[in-house]
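What follows is a short report on a single structure.
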Amino acid sequence: MAKVPAAAVAASGLVGGYGVARWTEKRPLGGVALAAAGSLAAYEWNRQAGPRAATALTVAYVAAFAGSHPLAKKVGAWPAVFAVAGGVAAASWAVTRRAGR
């Protein structure tokens, strides 16, 4: 089975969670998608870089979700979601890449 990078899972969780919430008009359903992807990403972060890195990246994931809300008021919803998803993906990639060496 092909391995999907944790960075892609985390970014997809942020984008997908917002998309599900918006298109279904059911915010809790978007939260389920966000949490499922975040849980999978956290598992991979722990496996690849250890518990401290996984904790830090999980905090970043939750902070990105929370931070996208005020950012959306300035730049719009989709640009905000893509910006925070990119930030989390970059942090994930940097931490897991360094840990893999």
What closest approach, in Å, do [X] and [Y] show between heavy atoms, and which atom pair accounts for it?
| X | Y | result |
| --- | --- | --- |
| V88 | A10 | CG1-CB, 3.7 Å |
| A7 | A89 | CB-O, 3.4 Å |
| A83 | L71 | CB-CD2, 4.2 Å |
| V95 | A53 | CG1-CB, 3.6 Å |
| A80 | S68 | CB-O, 3.6 Å |
| A54 | A42 | CB-O, 3.9 Å |

R47, CZ atom: more than 12 neighbouring heavy atoms under 6.0 Å: yes
Common cluster, V15/W23, ILVMFWY with side-chain heavy-atom separation under 4.5 Å: yes
Pair R22, Y18: side-chain N/O donor-acceptor within cut-off below 3.5 Å: yes
Polar side chain donor-acceptor pair, W45 to T58, under 3.5 angstrom: no
F65 CZ to L34 CG distance, which is reported to the nearest 0.5 Å: 5.5 Å
Pairwise distance CD(E44) to CG(L57) - rounded to 0.5 angstrom: 12.5 Å
